[in-house]
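Per chain, numbering begins at 1; letters A, B, ... match sequence-line order.
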Number of protein chains: 2
Amino acid sequence: MAAETGAESVEAAESADAADAVKETRGDADGAGGPDDSWGEVAPDAARRLLLAAVEAFAERGFHATTTRDIASRAGMSPAALYIHYRTKEELLYQISRVGHERSVRILTEAGNSAVTPADRLAAAVRAFVRWHAERHTTARVVQYELNALAEEHYAEIVALRRRSEEILRGILEDGVAAGDFTVPDIRGTALAVLSLCIDVARWFRSGGTRTPEEIGELYAGLVLRMVGAPAAPAAETADGADRGA
Amino acid sequence: MAAETGAESVEAAESADAADAVKETRGDADGAGGPDDSWGEVAPDAARRLLLAAVEAFAERGFHATTTRDIASRAGMSPAALYIHYRTKEELLYQISRVGHERSVRILTEAGNSAVTPADRLAAAVRAFVRWHAERHTTARVVQYELNALAEEHYAEIVALRRRSEEILRGILEDGVAAGDFTVPDIRGTALAVLSLCIDVARWFRSGGTRTPEEIGELYAGLVLRMVGAPAAPAAETADGADRGA
DNA sequence: CCGCCGCCTAAGCGGCTGCTCAGCAACCGT
DNA sequence: ACGGTTGCTGAGCAGCCGCTTAGGCGGCGG
């Protein structure tokens with residue numbers, strides 16, 4: 001009962017306050033870079049601290065190598081406190097994974113709708129997706145690489161979300177090919193390759209590196225445009241009116 | 001003592017019989033596709049079976065979720081037998097990781113030297129690297145995604161090998177830019193992106209899929225050539241004399 | 001002021017973990 | 001025929017795992 005309360009709060013933060021969550025994400029992304037605080041409005045304070053601790057621990061050592069004692073002590077609590085807010089260790093991973101995947105789908109959807117031409121839409125999607133994987137690389141690492149530690153039914157739900165992401169990207173590629181803007185021999189394979197490129201950023205990105213998330217997003221957007229055979233130099237990130245290239 | 005014997009045998013298989021190993025790899029790649037038998041000439045038979053069992057178990061569930069009892073029973077032995085051939089469970093992972101990374105470096109080196117023009121060299125490298133990740137995806141998954149379960153000193157050694165791979169690829173890109181064949185704004189970043197693309201194949205590839213390893217290698221080689229701004233349609237895999245394009 | 005309730009801890013339970021060890025069977029050169 | 005080496009097993013140890021339980025503390029409505 002008490003455990004269920006914590007879980008539902010997370011759910012509420014993602015469904016009821018969806019609009020706010022988006023706004024908050026934009027704000028964070030602009031200001032760029034405190035710690036991983038994508039979990040702004042999660043349930044009681046303790047539940048959020050536990051979730052954040054779990055994200056860090058899972059990202060560092062992986063789900064199976066992380067102990068509940070480790071998570072609890074990172075959050076400054078006793079091991080038993082974890083079970084007041086979450087039923088099991090796996091549910092912690094599930095919440096992280098679900099919220100992260102929902103955010104992924106939203107990022108791709110919004111970026112994919114933020115422009116008119118397929119090239120601009122593709123560039124915006126890659127730019128935003130890569131930026132998220134770099135900026136929130138701790139969260140993203142857990143989201144992208146720990147999913148097969150999930151229980152069967154949770155896993156199935158997450159896989160469905162991942163398919164959504166793939167479909168969104170494939171849709172953009174199909175539009176580009178149909179419009180004659182892209183030249184792609186294998187749309188499904190290419191969509192997969194683009195996703196690979198973006199996702200893998202979470203694996204190697206470190207905060208102290210030479211490139212900022214924005215720079216990597218920009219670089220990758222360019223690479224992807226060339227991959228699909230589109231002419232170079234797209235517009236700016238948002239409909240900003242500032243053409244510089246060409 | 002006894003444990004050390006097993007470890008050394010693996011080492012011998014990679015250093016003394018290096019030339020044979022290469023030949024055998026080529027043979028397997030051509031015939032394409034039994035189970036993961038990249039471990040052809042490892043020490044006594046039992047040590048090889050244990051290694052193969054460990055590869056499968058690590059790939060399925062991850063290093064930390066795999067028990068020594070699981071590995072042993074897959075190899076048809078008692079848990080204690082493992083410690084006759086390997087000192088610890090981690091050493092098993094280390095051997096897998098080391099041999100796999102050495103093979104990666106060799107694949108990239110040979111493919112990178114198998115042609116003259118940077119475009120052909122890049123295409124050959126990507127084609128071979130992707131093919132390995134698809135064909136041997138079980139091994140590759142462990143090699144690429146379980147390395148942070150390694151002990152500190154083993155990890156450092158593996159990271160050095162990974163840097164070698166990156167340097168090889170970067171070298172090809174630099175040659176191409178110097179020759180005016182490639183147009184790349186950020187060589188390091190692009191090299192990383194190309195590696196990402198290849199490595200990530202091990203994450204999503206399944207044996208029953210619609211595409212063969214060769215087709216994926218071909219597709220990805222084309223994508224990468226466009227990424228670096230090179231003209232399309234390169235020559236065949238080995239110096240085969242058959243020009244078809246351009 | 002009381003009694004209740006949400007949040008937390010100390011202690012600990014059963015079970016599984018990586019790993020060890022004594023012993024044994026099969027094979028070896030002599 | 002035989003002592004020794006090699007490869008393996010059955011049993012088991014110490015320690016850590018996820019998770020539970022009983023109880024306490026502080027704030028809040030009445």
Exercise. Give the rounded distance in Å between these two atoms: CD1 of A:Ile71 and C1' of D:dC17.
Key: 12 Å
Quiz item: Any sub-3.5 Å donor-acceptor pair from B:Ser114's side-chain atoms to B:Ala111's backbone N or O?
Solution: yes
Quiz prompt | Heavy-atom side-chain contact between B:Leu51 and B:Tyr86 under 4.5 Å | solution = yes
Practice problem: Provide, to the nearest angstrom, the distance between the CD1 atom belonging to B:Ile84 and the P atom belonging to D:dT6. | Solution: 12 Å
Self-check item: Side-chain donor/acceptor of B:Arg141 to backbone N/O of B:Ala202, under 3.5 Å
Solution: yes
Quiz item: Under a 4.5 Å cut-off applied to non-hydrogen side-chain atoms, are A:Val201 and A:Phe129 in contact?
Solution: no
Practice problem: Nearest whole angstrom, please: distance from the P of C:dG6 to the CG of A:Asp45. | Solution: 18 Å
Quiz item: Is there a donor-acceptor pair closer than 3.5 Å between any side-chain N or O of A:Lys89 and the backbone N or O of A:Leu82?
Solution: no
Practice problem: Please confirm whether the backbone N or O of A:Ile199 pairs with a side-chain atom of A:Gln144, one donor and one acceptor, at under 3.5 Å? | Solution: no
Quiz prompt | Between C1' of C:dA10 and CG of A:Leu82, the distance in whole Å | solution = 16 Å
Quiz item: Could you give the CG-to-P distance, from A:Asp70 to D:dC17, as a whole number of Å?
Solution: 9 Å
Are there any protein N/O atoms within less than 3.5 Å of an N/O atom in nucleotides 14-18 of chain C, and if so, which ones and at what distance?
from, atom 1, to, atom 2, distance (Å)
C:dG18, OP1, B:Thr66, O, 3.1
C:dG18, OP1, B:Lys89, NZ, 3.0
C:dG18, OP2, B:Thr68, N, 3.0
C:dG18, OP2, B:Thr68, OG1, 3.3
C:dG18, N7, B:Arg69, NH1, 2.9
C:dG18, O6, B:Arg69, NH2, 3.1

Quiz item: What is the distance, rounded to the nearest whole Å, between atom CZ of B:Arg49 and atom P of D:dG7?
Solution: 13 Å
Quiz item: Between atom CD in B:Glu90 and atom C1' in C:dC19, what is the gap in whole Å?
Solution: 14 Å
Self-check item: Nearest-Å distance for atom pair CE/P, residues B:Met77 and C:dC24
Solution: 20 Å
